[in-house]
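Order of appearance sets the numbers: ligands from 1, and atoms from 1 within every ligand. Heavy atoms only: backbone and side chains are in, while hydrogens, waters and symmetry mates are out.
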Amino acid sequence: MATAVQREPAGISVDYVNEPDASSRSHSGKGTEACPGLKLVRVVAVSFGLLCILQVTLNVCLRVFVYPPAENKLKELTDQYFKQGWVYLHPGLYYVSSTSNTWHESRKDCLQRQADLVVINTKEEQDFTRKFNRFIWIGLFNNTKTRRWTWVDGTPLTKSYWGPEEPNNLENNSELCVESRFFNQDNSWNDIGCTNKNFWICEKNLAL
Ligand code: BGC
Ligand code: CA
């Protein structure tokens with residue numbers, strides 16, 4: 001097979017006007033080849049950018065799926081309690097029984113709910129116990145050792161809401177438990193025998 005080869009005539013040199021000369025070629029499009037430092041900077045910058053995006057994505061995932069913010073946790077928790085009949089009133093959650101029982105059995109029920117009978121520290125809590133127009137056990141009892149009125153959390157009684165003439169220990173010197181009885185009055189408490197049957201209120205403080 002014949003091959004045609006076109007040669008330049010001997011002694012004639014062709015000047016390729018559009019061909020960049022050697023000096024300008026080194027700074028053209030593929031200049032980074034001649035300047036590897038620049039290429040490295042670009043690679044590092046792009047990698048850094050990608051790492052940042054990855055980190056942000058990871059943070060968002062952790063926040064949403066693994067460590068949800070405290071408010072979400074609180075909402076989840078309170079939603080569960082509301083479904084079980086608890087109501088929120090600062091500073092705690094309160095459960096109002098729908099049946100009646102003795103003071104000790106009522107307390108047992110509260111303890112089983114990871115709570116205790118209500119400790120009244122504020123006027124709001126006191127008024128809450130009167131809202132139900134019922135005799136209601138509260139977490140106050142006469143400590144037979146110290147003969148002092150004591151809250152179930154171990155604190156002594158300071159601010160009280162005894163009804164008129166109460167506590168009177170009327171029934172055979174054995175009125176050792178306290179109910180909220182005179183619900184039409186601000187001062188509603190009465191000391192009464194612990195084996196009477198009343199409704200009760202449990203209180204749970206949310207320690208988050
Ligand atoms: C109760 C007493 C109470 C009195 C008040 C009685 O029925 O047993 O504890 O002090 O009522 O009126
Ligand atoms: Ca009494």
Side-chain angles (χ1 to χ4, degrees), residues 69-208:
E71 320 87 74
N72 287 1
K73 259 192 195 167
L74 182 64
K75 184 158 186 329
E76 267 174 36
L77 203 63
T78 46
D79 280 354
Q80 279 174 25
Y81 280 114
F82 294 159
K83 276 183 206 147
Q84 294 163 18
W86 292 80
V87 291
Y88 180 75
L89 172 78
H90 186 79
L93 283 168
Y94 300 83
Y95 175 85
V96 184
S97 77
S98 53
T99 56
S100 56
N101 216 329
T102 64
W103 189 90
H104 285 99
E105 285 301 314
S106 303
R107 186 172 187 204
K108 216 196 249 177
D109 174 77
C110 293
L111 293 171
Q112 278 166 2
R113 296 174 192 275
Q114 279 81 50
D116 209 335
L117 282 171
V118 60
V119 173
I120 297 175
N121 307 108
T122 65
K123 182 72 167 58
E124 286 72 29
E125 285 179 300
Q126 164 59 13
D127 290 341
F128 181 69
T129 68
R130 304 193 296 114
K131 276 173 103 165
F132 305 95
N133 292 7
R134 285 175 175 171
F135 297 177
I136 287 195
W137 287 127
I138 61 171
L140 186 63
F141 65 100
N142 195 322
N143 184 323
T144 45
K145 285 182 193 147
T146 61
R147 301 304 293 180
R148 282 171 191 265
W149 293 107
T150 310
W151 291 108
V152 285
D153 66 2
T155 54
L157 177 62
T158 47
K159 172 75 183 138
S160 62
Y161 298 91
W162 292 114
E165 316 299 324
E166 304 294 346
N168 58 6
N169 204 12
L170 199 70
E171 292 173 8
N172 306 321
N173 267 358
S174 63
E175 296 199 318
L176 298 174
C177 289
V178 180
E179 62 183 2
S180 178
R181 180 190 186 98
F182 310 108
F183 44 76
N184 289 326
Q185 305 178 34
D186 281 358
N187 294 324
S188 65
W189 299 355
N190 173 45
D191 60 338
I192 187 112
C194 303
T195 53
N196 285 279
K197 289 192 174 182
N198 280 340
F199 291 87
W200 66 93
I201 296 179
C202 307
E203 178 181 2
K204 186 181 181 68
N205 287 308
L206 290 175
L208 287 177

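Using a 4.0 Å cut-off between charged nitrogen and carboxylate oxygen, Lys131 and Asp127 do not count as a salt-bridge pair.
Around the CD atom of Glu165, the shell of radius 6.0 Å holds no more than 12 heavy atoms that belong to other residues, nucleotides or ligands.
Each of Glu166, Asn168, Glu171, Glu175, Arg181, Asn190, Asp191, Ile192 has a non-hydrogen atom positioned under 4.0 Å from some atom of ligand 1.
Residue side and main chain included, Glu166 places an N/O/S atom under 3.0 Å of the Ca ion (ligand 2). Taking 3.0 Å as the criterion, Asn190 counts as a coordinating residue of the Ca ion (ligand 2), since one of its N, O or S atoms falls below it.
Ring pair Tyr81/Trp86 is perpendicular by interplanar angle, where above 60° counts as perpendicular and below 30° as parallel. Using bins of under 30°, 30° to 60° and over 60° for the plane-to-plane angle, the ring pair Phe183/Phe135 lands in the tilted bin. Using bins of under 30°, 30° to 60° and over 60° for the plane-to-plane angle, the ring pair Trp189/Tyr161 lands in the perpendicular bin.
Separating the CG atom in Asn196 from the OG1 atom in Thr102 is a distance of 9.5 Å, to the nearest 0.5 Å.
Take the Ca ion (ligand 2) as the corner point: the lines to OE1 of Glu175 and to OD1 of Asp191 open at 80°, to the nearest 10 degrees.
Remark: side-chain polar atoms of Glu125 are paired, donor with acceptor, to backbone N or O of Asn121 under 3.5 angstrom.
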